[in-house]
Structure formats: C-alpha cells, structure tokens
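Sequence lines set the chain letters: A, B, ... in the order given, protein chains first and strands last, and positions in each chain run from 1.
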Amino acid sequence: MARYDQAAVEAKWRAKWVERGTDRLDLDRVAKPFYNLMMFPYPSAEGLHVGNVFAFVGSDIQGRYHRLLGYDVLEPMGFDAFGMHSENFALKHGRHPAEMVPKNIDNFRENQLKKIGLMLDWSRQVDTTSPEYYRWTQWMFVTLLKNGYAYKKKAPVNWCPGCKTVLAAEQVIDGECERCSSVVTKKDMEQWYFRTTAFAQELLEELDHIDWSERTKTAQRNWIGRSQGAEVTFRVENGPDFKVFTTRPDTLYGATYMVFSPEHPLLDEITRPEKRADLADYREKAARLSEVDRQAENRDKTGVFTGALAVNPVNGDKIPIWAADYVLMGYGTGAIMAVPAHDQRDFDFAVKFNLPIRQVVSPDGQISDPPAEAYSGEGRLVNSGPFDGLPAKEEGGPAITNKLKEQGLAEFKINYRLRDWCVSRQRYWGPPIPVIYCDQCGLVPVPEKDLPVVLPYLEDYKPDGSGFSPLRRDEAFFHATCPTCGGPATRETDVSDNFLCSAWYFYRYPSTEFSDRPFDPIRTKKWLPVDLYVGGNEHAVLHLLYSRWLCKALNQCGFIDFNEPYKRFVAHGMIVRDGAKMSKSRGNVLNPDEYINAFGADAFRMYLMFMGAYLEGGDFREGGVKAMKSFLDRLWTAILPEDGQQLPETGLQEAETSYWLHSTIKAVTADLARFSYNTAIARLMELINHLTKNQVKSRVISEAVIKMLAPLAPHVAEEMWELLGHSGTVFNGGWPAWDEAATLRTTVEYVIQINGKVRGKLELPAGLEEAAIEPQVLANPAVARWLEGQTMVKKIYVPDKLVNLVVKPT
RNA sequence: GCGAGAGUGGCGGAAUUGGUAGACGCACUGGCCUUAGGAGCCAGCGGACUAGCGCCGUAGGGGUUCGAGUCCCCUCUCUCGCACCA
C-alpha cells in the first residue's frame with residue numbers, strides 16, 4: 001500500500017505555513033474574532049513533555065476547527081519562564097537562569113513546538129522574563145498597590161526550607177512545597193499580600209455563570225469555602241469582650257468552654273499569672289510544629305487552660321477559656337465557642353481534658369446522656385431556655401442570633417476559607433517588586449516612568465534563608481533614590497510570585513506591539529475576554545483563581561470592562577502510560593520527539609487524541625502511534641486519485657455512500673464541538689473502511705474527508721488538499737456541510753423484541769406506521785416461533801427502531 | 001470526614017432522550033501474499049456449557065419499567081479536590 005513520507009510532507013508544510021503567513025492574523029481587520037488560548041508552558045531544560053503536547057494539540061484542534069468554521073482565530077504562545085522551577089533547575093546544575101532560560105525557550109520553540117503542527121502566530125510570543133514584559137507585571141503590582149489591593153503585613157507564613165522562601169497557601173500541597181516537596185513550616189514574617197479575599201464572594205458567585213469544566217469550578221468552590229453563620233460577642237469575666245465565629249449559633253446553649261488559637265493576641269492579656277508559663281510553653285511547641293506534623297498528629301488534641309473564664313451571652317454561664325492549636329488564627333476570629341455535644345473536634349477535646357458536654361440538639365426529643373460522639377445532624381433544640389423545641393438549624397440559629405443582635409452581641413456573618421495571596425518571594429529569578437522605602441516618605445511605589453525595575457545579573461543568586469532575597473546582597477540594587485523626595489532610600493528586594501506573571505499574560509498577546517501600555521484598550525475590547533481556554537486542572541486554585549481575581553481588580557480599577565477573563569474553560573485530562581502516572585522516578589516518561597521523528601507529528605497528534613476522551617485523559621500504549629500512521633496511509637490511498645487518473649466529481653449515487661459521508665460529517669462536527677476527539681477519529685476510520693471496502697472515490701468525498709482530518713492532522717491534510725489541485729490552505733476552505741436528508745436511512749432495521757428480549761430483526765422502509773409493520777412482524781418466522789401458545793398482552797412500537805411484543809402463556 | 005467524578009472484553013475505550021452492549025483501535029489466533037518483514041490483505045476474537053433459533057454478561061445487591069450500562073435506593077472499589085476552616 002502506498003505510504004506517504006511524513007518527514008518530507010511535514011517539513012514542507014512547516015516551511016509553507018511560514019512562507020505564506022498562514023497562521024498570522026491582522027488583529028484589527030477581522031470579522032469574527034475567536035481567541036483560542038492554551039496555557040503557556042514553563043520552558044524546562046528537559047524539554048516539552050508529552051502532557052504539554054496533549055494539551056496543546058487538543059486546544060489547537062479547536063483553533064483549527066473554528067478557523068474552518070469561518071472564525072478569525074488568534075492562537076498565540078508564550079513562555080512562563082520566571083519562577084522557582086527554572087531557578088531550582090539552574091541551581092541544581094550549576095547554571096545561571098539568565099543564560100539557561102533563553103536556550104530552553106529556543107529549544108522549546110524551534111525544536112519542539114514548531115514540529116507539532118500548532119496554528120501559532122509566533123509574531124505575538126510573550127516571554128515573562130523579558131523586561132518589556134515584566135515591566136508590565138510590575139505595573140500590575142503598582143496598580144494593585146495604589147488601589148488598595150496590595151498590602152504588607154506581618155503574619156505567620158508558609159516557609160519552604162528547601163526553596164528558602166515563603167509560599168502562598170495555594171502552593172502548599174499536603175503540607176509540602178509544590179515545587180520541591182520539602183515540609184513547609186510556619187514563620188512569622190512581614191510579607192506582601194494581594195487582597196484576594198476582597199472578591200471572595202464574586203469569585204464564588206460568578207462560578208455559577210461561567211462555562212467552565214465542572215470539576216474546576218468545584219475545586220474553586222471548595223477552596224473559597226464559604227461558611228454562613230454568626231459572629232457572637234463573648235466577655236471575659238472581669239475582662240475584655242471578644243468575638244467568635246460559629247456556623248451553629250443554634251448550639252450556643254451547648255457551649256461549655258472556649259478555645260483561642262495559640263497565636264491569638266488577647267491571650268497575653270487574659271491568661272492568669274499562674275498559667276502564663278504553661279501558655280508560653282504551649283505556644284512555643286505549637287509554633288515549632290510544621291503543617292505536616294499538625295496533620296500527622298491525627299487530630300490528637302492538645303491545649304492548655306488559661307485560667308480565665310468567659311461569660312456565655314445567652315445564659316450567663318461561666319465557662320473556661322483554653323488555648324489550643326486546633327483553632328487557627330487565620331480563620332474567623334481565631335477563637336471559637338466549643339460545643340462538644342455537636343462538634344466532633346470539640347467533643348474529642350472535651351473528652352481528653354474532661355470538660356462538660358451538654359446536649360442542646362435532639363433528633364427525637366430524647367435527651368441522651370452521655371453521648372458517645374458528637375451529633376451534628378438535624379433536630380430540635382433542648383436545654384436551650386426559651387428556644388427549646390425549635391428546629392435547630394433552620395429556626396433556632398436565626399432566632400438566637402436575632403435575640404443577641406438586639407442586644408448588640410451578635411451579627412449574621414459569612415466567612416471564607418480563602419486567604420489573601422502572599423506574593424513576595426525571597427528568591428532571585430522573578431520580577432523585583434517595584435517599591436522603594438524612604439525614611440522621609442515611607443513606602444513609595446516606583447513611578448510608572450521608571451519601570452521596569454530591572455532584575456540585575458547576579459553571579460551568586462542562591463537563596464540564603466536569611467528571609468531576604470539574594471537581591472539584598474547587591475548593594476547597587478538595594479540602595480536607591482526616593483522618587484518622591486530624592487533622598488536616600490532602599491529598594492524592596494523580594495521578587496513577586498511567578499503566578500503574577502501568568503495572571504495577566506493573555507491580555508498581552510493581542511497587544512504585543514504596544515510598548516507604552518500593557519494592553520491596548522481597543523485591541524482588548526475586540527479580543528477579550530478569551531473565548532476558549534484549554535488547560536490542566538492542576539491550576540484550578542492557582543493560576544485560574546489568581547487570574548480571575550486579577551481580572552476583577554483590573555475591572556474595579558477601570559482598566560477593563562469585563563469581570564471574568566475566560567468565557568469558557570475546558571480542563572483536559574491527564575495522560576498516563578500503561579496505566580501508571582509518568583514520572584522521572586518511575587522512568588516511564590515519554591519523549592514526544594522520538595515518536596514524531598518515527599511516525600510524524602500528524603500520527604502522533606492523532607494517536608494522542610485517540611487514546612481516550614480528551615476531557616478524561618488517556619493511556620499511552622506502545623504501538624498506537626504506528627497504527628495511526630498506517631491509518632493515515634490507508635486514508636491517503638483511499639481518497640487520493642491514482643497516478644494519471646482523475647477523481648470523479650461525485651461518487652454519491654449510491655445511497656449507502658452518501659449516507660456514510662453525510663452522517664460522518666454530522667457526527668464529526670458534533671464530536672469536535674464537545675472535545676470527543678477519540679470518537680471523531682473512530683468515525684473517520686469507519687468512513688475510510690467503508691470507502692476502501694466499496695472502492696468508492698470522488699472529489700466530494702475526498703474534500704470533505706480532508707477538511708475533517710485537517711484539525712487533527714494538519715500537515716498531511718494540506719498535502720492532500722494541494723494534490724487535489726487547490727492552491728490555498730485547506731484552513732481557508734470552510735467546514736464541510738452535510739445534507740440532513742442524506743443522514744436518514746431509507747430503510748431501517750427494526751429490532752423485534754419479545755418480552756424485552758431481542759428475537760429477530762426486520763429490514764423495513766423508514767417511516768412506516770405501526771399498523772403497516774405489525775403484519776410483517778407477526779409473519780416473521782423467527783418471531784412467530786416465540787408467539788406460539790402465547791397471548792399478546794401489550795405492543796410497544798418505537799418508530800424506525802423497535803417493536804416489543806409483551807406476551808404471556810395462554 | 002466533606003465535595004466531585006468514575007467502575008463496561010486480554011487492553012485503551014464506544015454506546016442522543018432508557019431501545020440490538022462491546023463502535024473504533026491495540027493485542028492475540030487462523031489463512032493469503034511475500035526471497036524476506038516489526039509491511040500489506042482476508043477472517044475470527046465477552047463468558048460458560050450439555051455447543052443452542054438457547055443461557056449468562058456493563059463492580060455487588062435491591063427497585064422502577066414492556067425494556068436499564070443508562071433512572072432510583074443500598075454496599076464495595078478507585079481517582080481527584082478540600083480537610084482540626086469552628
């Protein structure tokens with residue numbers, strides 16, 4: 001069988017696309033803009049991972065498909081090259097990121113990305129490490145600072161001893177550093193934060209109105225973590241007031257003790273002198289615990305009594321105040337009322353320290369004493385004075401809250417689990433935070449005209465664990481002049497989290513030619529928000545959340561007129577190999593280049609898309625890519641004219657072939673729209689099988705097949721398109737239309753069931769009435785046999801599909 | 001524990017609204033072709049058995065229905081997210 005030379009064909013079209021400018025777009029002169037975005041990679045020294053290829057190809061198919069549908073598709077690419085990934089790699093191999101990164105980018109682009117047939121407009125590339133780019137990253141910082149969305153505070157932060165820097169909560173995975181897997185510890189440090197919590201409610205609510213993969217939305221909802229309840233004011237006996245947050249104000253009568261987080265400032269004031277030594281001791285121990293230790297302790301409760309008593313505002317009970325690390329300073333007010341009867345954590349604590357347990361909610365009106373575990377279900381209030389008998393959660397809570405509210409002792413309150421984004425990093429390889437400290441003027445943002453604050457080249461860029469960035473060691477960088485008063489000043493030496501670089505990159509692509517603004521208002525109006533964003537779900541609460549937040553901030557500051565950056569986000573699946581995750585330690589990492597060299601990018605793309613449902617991922621098996629190349633060879637043979645021959649203009653006289661063609665077009669169209677690439681490919685295979693078996697060839701069929709193949713296997717599609725005599729690109733050729741009438745069968749195969757079991761099949765003209773079918777069914781010998789000695793009970797008739805006869809013995 | 005998703009041949013995976021389970025492909029088996037083939041072509045390929053015009057079969061158990069992979073209830077397993085968040 002004829003085989004085409006994939007290396008030659010693909011090289012030819014790579015060159016032709018550049019030469020013809022096929023993938024370049026005049027952004028101002030388009031009728032139907034479609035912004036097709038894929039998550040830009042960090043250019044690792046190891047090169048492009050097969051997971052990247054999978055992600056990009058799935059996105060590229062959408063771009064190419066939309067182009068065939070007639071859209072003007074913007075499909076840009078860039079490099080997320082700042083950050084600890086690059087820096088850690090450089091450190092480990094004794095190299096310098098400033099020298100390593102450009103080489104990596106070059107390798108990614110020239111040797112890898114350009115060989116997988118992506119419809120990328122390279123004239124719009126962004127590189128987050130170039131001063132022209134990070135100038136505007138710094139501008140974002142300054143803008144956020146000026147508008148009150150950035151601030152500095154001293155607080156316990158996540159410290160990675162491996163990377164020697166602080167991390168955002170989102171970058172701590174199971175108590176470990178997302179980058180280096182070191183166990184993260186707590187440190188009290190002054191850091192820069194972005195006020196992500198300012199938009200907690202909007203970030204949550206708007207999830208209901210955007211077209212995103214459900215699992216991504218779920219991850220964000222969990223992360224934002226809305227809790228509805230009340231903030232209640234308690235009093236320390238002979239001492240100050242303090243507030244607690246509770247989601248169960250209905251259980252206020254069941255509060256038998258109070259717990260403060262060990263870091264709670266009020267503890268210093270209220271702890272009785274004889275308990276101070278205990279508290280100091282406990283605080284020290286708690287501070288030493290890492291996140292992992294806290295979790296590994298398996299929730300075994302610890303704590304100390306402060307000697308102080310609190311007064312319960314609902315009944316005047318005096319209850320002891322404890323300090324315990326199961327209460328976190330960062331959530332709510334850092335203090336809680338403990339209701340051991342109805343909260344398992346409080347219950348465990350009460351049992352351990354022998355504190356009273358008082359039931360105030362009963363599922364059945366009975367009072368069970370003593371309970372074996374906390375009951376947090378529905379029920380009616382008991383032991384709750386005037387509120388006894390009320391359904392606890394839905395009526396009791398509001399009633400008690402309202403009563404206290406009248407006395408100014410409570411208010412309804414919603415709390416979010418989301419924390420402000422800690423953005424400063426004590427590292428080298430990032431955009432310096434553009435702030436100057438002046439003895440006279442205080443904290444001064446670097447004026448826009450002075451941006452970028454250029455990252456100096458440091459020979460020794462190792463983080464030193466001092467709590468300061470290595471930039472602090474560069475005297476020339478550190479000392480500055482105050483932009484306001486001209487006096488001596490110093491620079492902020494921390495760099496910003498690399499997630500700030502990626503939170504805005506998609507605004508830049510359409511505006512890369514403007515050097516005096518981060519994004520042009522007219523371009524932005526035309527091209528944003530992004531129409532389709534395809535990427536990995538691992539960024540659900542990182543990049544995707546940060547960029548949504550930044551969008552809201554930019555909107556509030558008046559720079560953009562939309563509130564959500566991506567109209568649609570689709571989370572692709574993950575590729576495994578022979579059922580196991582690919583990882584360096586397993587030694588089963590796949591090198592895409594090998595397969596591309598052996599079988600071609602088209603076959604590789606096709607196989608990646610065929611392995612499984614794109615949204616669920618797939619299992620890479622040896623041999624699949626080769627099989628896909630032979631499919632492309634078969635397709636080539638099946639639809640191209642043989643030497644010296646012409647294709648007949650139409651070969652659709654046969655109803656069967658016409659049916660196959662039109663229903664394939666219809667189905668493939670639907671498949672591409674819902675990312676079912678695997679079934680789209682399967683349908684193309686079926687069509688090719690039909691054509692081969694029946695030796696049908698025609699221009700109409702071939703052109704339609706090529707167009708359907710084009711998004712999946714662009715190089716070979718272009719080659720075949722040219723062989724059919726076309727001079728332009730197939731991607732300007734339009735998507736094939738189908739004739740709905742041709743997708744309908746003139747005869748249909750009825751399934752005949754007796755009592756729901758298939759007993760026969762019957763070929764009949766389509767569209768028959770029940771009355772016309774019945775005699776033929778009954779006359780069918782295969783059916784008649786099953787009806788002997790039976791009485792008909794019921795007949796079910798599904799047009800053009802099935803007849804089910806329900807019978808019983810006579 | 002909470003939330004989301006999933007469980008179908010030897011394998012990857014298909015199956016609009018409930019309507020022929022296993023499309024498509026891999027692997028395997030037999031045959032053809034070939035000097036040769038990690039090539040190509042044809043055919044077979046869920047299971048058991050007493051070998052059928054029959055029976056069983058979509059994690060397990062129950063239910064709804066003329067009819068269930070699909071809907072409902074219970075159980076089990078796996079993956080992902082969150083997790084001492086009051």
Side-chain angles (χ1 to χ4, degrees), chain A residues 1-3 173-174 213-227 229 244-248 251 259 261 294-295 297-301 324-328 330-339 342-346 348-349 376 415-419 537-538 540-541 574 576 578-579 581 607 610-613 615-624 626-628 630-631 633-634 667 670 676 678-686 689 692 749-761 781-783 785-786 793-798 801-807:
Chain A
M1 192 193 55
R3 315 188 68 192
I173 313 290
D174 292 330
S213 289
E214 207 48 51
R215 58 201 170 103
T216 313
K217 294 208 245 182
T218 303
Q220 291 207 351
R221 284 192 188 104
N222 286 342
W223 188 258
I224 296 166
R226 180 183 199 269
S227 293
V244 301
F245 174 71
T246 176
T247 54
R248 294 293 304 275
T251 63
V259 185
S261 164
R294 276 197 178 193
Q295 287 165 22
E297 296 267 320
N298 210 13
R299 306 174 185 200
D300 192 18
K301 298 287 181 288
D325 67 2
Y326 81 92
V327 173
L328 310 173
Y331 184 77
T333 63
I336 62 154
M337 65 169 195
V339 184
H342 304 292
D343 181 289
Q344 194 58 41
R345 295 155 302 183
D346 298 342
D348 295 341
F349 192 88
S376 57
N415 254 311
Y416 296 92
R417 213 190 67 98
L418 184 71
R419 306 293 153 84
N537 206 39
E538 67 272 15
V541 298
M574 205 177 57
V576 297
D578 300 319
K581 254 186 202 176
Y607 179 62
F610 186 65
M611 290 186 314
L615 305 185
E616 271 145 49
D619 192 353
F620 191 96
R621 303 267 156 168
E622 201 64 39
K626 194 174 99 185
M628 204 50 80
S630 35
F631 167 68
D633 287 328
R634 277 198 299 131
S676 286
N678 54 338
T679 54
I681 294 168
R683 290 182 214 276
L684 283 176
M685 287 173 167
E686 286 181 278
N689 288 346
T692 311
E749 189 181 55
Y750 273 85
V751 173
I752 314 299
Q753 297 183 338
I754 311 288
N755 289 342
K757 286 192 191 284
V758 180
R759 297 303 185 192
K761 289 166 191 179
V783 174
R785 205 184 128 259
W786 290 94
V793 178
K794 197 173 180 180
K795 285 174 269 189
I796 310 287
Y797 166 77
V798 182
K801 260 195 181 159
L802 154 149
V803 174
N804 186 14
L805 303 175
V806 185
V807 298

Within the 4.0 Å heavy-atom criterion, would you say [X] contacts the bases, only the backbone, or no part of the nucleic acid?
X	value
A/Gln344	nothing
A/Ala540	nothing
A/Arg221	nothing
A/Asn678	sugar-phosphate
A/Asp346	nothing
A/Arg226	nothing

Tell me: [atom1] of [X] to [atom2] of [N], nearest whole Å?
X	N	atom1	atom2	result
A/Tyr607	B/C24	OH	C1'	13 Å
A/Leu684	B/A23	CG	P	18 Å
A/Lys757	B/U65	NZ	C1'	15 Å
A/Glu616	B/G12	CD	P	13 Å
A/Ile681	B/C26	CD1	C1'	14 Å
A/Met337	B/C84	CE	P	20 Å
A/Glu214	B/G81	CD	P	17 Å
A/Met628	B/G13	CE	P	14 Å

> Distance from A/Ile796 atom CD1 to A/Lys801 atom NZ, nearest 0.5 Å?
Replying inline: 15.0 Å
Going by purine N1 to pyrimidine N3 plus the second Watson-Crick contact, or the G-U wobble pair, all under 3.5 Å, which nucleotide sits opposite [N]?
N	value
B/U17	none
B/U64	none
B/C24	B/G12
B/A43	B/U29
B/U35	none
B/G81	B/C2
B/G7	B/C76

Atom [atom1], compared across [N] and [M]: separation rounded to whole Å:
N	M	atom1	result
B/C24	B/A15	P	13 Å
B/U79	B/C84	C1'	25 Å
B/C80	B/G67	C1'	36 Å
B/A6	B/G54	P	35 Å
B/G57	B/A83	P	44 Å
B/G3	B/U20	P	35 Å
B/C72	B/C49	P	37 Å

It should be established whether [X] places a side-chain nitrogen or oxygen under 4.0 Å from OP1 or OP2 of nucleotide [N].
X	N	result
A/Asn689	B/G25	yes
A/Lys761	B/U20	no
A/Thr218	B/C82	no
A/Lys626	B/G40	no

Looking at the side chain of [X], which of [options] is the nearest nucleotide?
X	options	value
A/Ala682	B/G54, B/C41, B/C24	B/C24
A/Ile796	B/U20, B/C56, B/G19	B/G19
A/Thr679	B/G3, B/A86, B/A14	B/A14
A/Asn804	B/A86, B/C41, B/G67	B/G67
A/Ala613	B/A86, B/A14, B/A39	B/A14
A/Arg417	B/C55, B/C82, B/C41	B/C82
A/Phe610	B/A86, B/A14, B/C24	B/C24

I'd like to know if [X] reaches the base of [N] with its side chain such that a donor and an acceptor end up less than 3.5 angstrom apart.
X	N	value
A/Lys301	B/C84	yes
A/Asn222	B/C82	no
A/Lys801	B/U16	no
A/Gln753	B/G19	yes

Please check this pair: side chain of [X] against backbone of [Y], looking for a donor-acceptor N/O pair closer than 3.5 Å.
X	Y	answer
A/Asn804	A/Gly756	yes
A/Asp343	A/Ser376	no
A/Thr333	A/Ala335	yes
A/Tyr607	A/Arg621	yes

> How do A/Thr692 and A/Arg215 order along RNA chain B: which one's closest nucleotide is nearer the 5' end?
Replying inline: A/Arg215
> Taking for each residue the nucleotide of RNA chain B bearing the nearest heavy atom, is the 5' side occupied by A/Arg621 or by A/Ala219?
Replying inline: A/Arg621
>> I want to check a possible cation-pi pair here: A/Lys301 against A/Tyr326, using under 6.0 Å from ring centre and within 45° of the ring axis as the test.
In response: yes
> Any salt bridge between A/Glu214 and A/Arg221, counting N to O under 4.0 Å?
Replying inline: yes
> Which label fits B/G47, syn or anti, where anti is any glycosidic angle not within 90° of 0?
Replying inline: anti
> Can you name the nearest heavy-atom pair linking A/Tyr750 to A/Val798, along with the distance?
Replying inline: CE2-O, 3.8 Å
>> Working note: A/Thr216 + A/Asn537, criterion side-chain hydrogen bond (donor to acceptor under 3.5 Å, both in side chains); need CA distance, chi angles, decisive distance, verdict.
In response: CA-CA 6 Å; A/Thr216 313; A/Asn537 206 39; 2.6 Å; yes
